**Student:** 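Can you keep this structure in mind? I'll have questions shortly.
If you read the sequence from its start, that first residue is 1, and numbering goes on from there. Keep in mind the model is a prediction, meaning the values are calculated, not measured.
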Amino acid sequence: MTTPPRGRNKRGGAPWVDDRRLVDGMVYEIRTGVSWRGLPECYGPWQSVCTRFRRYALDGVFTRVLQHIQARADAAGDIGWLVQIDSAIVRAHQRAATTGRKGGAAGRANRTIAPSAGPEAA
């Protein structure tokens, strides 16, 4: 990494803010859920952190970083890709239930489904 410039940037804009401070501010905001305006001053101006976060998200920086980290960990054998889903945490939307309530399909809740005879019965 290059040495950060002192004072204002080359175009005469706002003073340069250390990238690490901004990323730490992004992590702090995500971890705590605090609003951007409530970000502690040690991370730099909240506007700078928010703007950089949006720019990184739109440019796909976070996706590329995650893919890079996963690829390195997978190559080292540090990732087990077995995934199990507990049915206690899988929820369907309320409209997916056919209970006859508003939004559901009325009259289908008690319908009996019979298996077909199959193609060889014909």
**Student:** Which heavy atom of V49 sits nearest a heavy atom of Y43, and at what distance?
**Tutor:** CG2-O, 3.5 Å

**Student:** So, do V61 and V65 sit near enough that their side-chain heavy atoms are less than 4.5 Å apart?
**Tutor:** yes

**Student:** Show the atom names and distances, to 0.1 Å, of all donor-acceptor pairs under 3.5 Å that link a side chain in residues 33-40 to residues at least two apart or in another chain.
**Tutor:**
from	atom 1	to	atom 2	distance (Å)
S35	OG	G38	N	3.3

**Student:** What distance separates D24 CG from R31 CZ, expressed to the nearest 0.5 Å?
**Tutor:** 9.0 Å

**Student:** Out of curiosity, F53 CZ to I30 CD1, how far, rounded to the nearest 0.5 Å?
**Tutor:** 4.5 Å

**Student:** Test your reading of the model: is there a side-chain donor-acceptor pair from R64 to the backbone of D59, 3.5 Å cut-off?
**Tutor:** yes

**Student:** Rounded at 0.5 Å granularity, tell me how far OH in Y56 sits from CG in L22.
**Tutor:** 7.0 Å

**Student:** Counting only heavy atoms not in R72, do more than 12 fall under 6.0 Å of its CZ?
**Tutor:** no

**Student:** Listing request: all salt bridge (Lys or Arg N to Asp or Glu O under 4.0 Å) pairs with a residue in residues 39-53, at least two apart in sequence or in separate chains.
**Tutor:** D19-R52

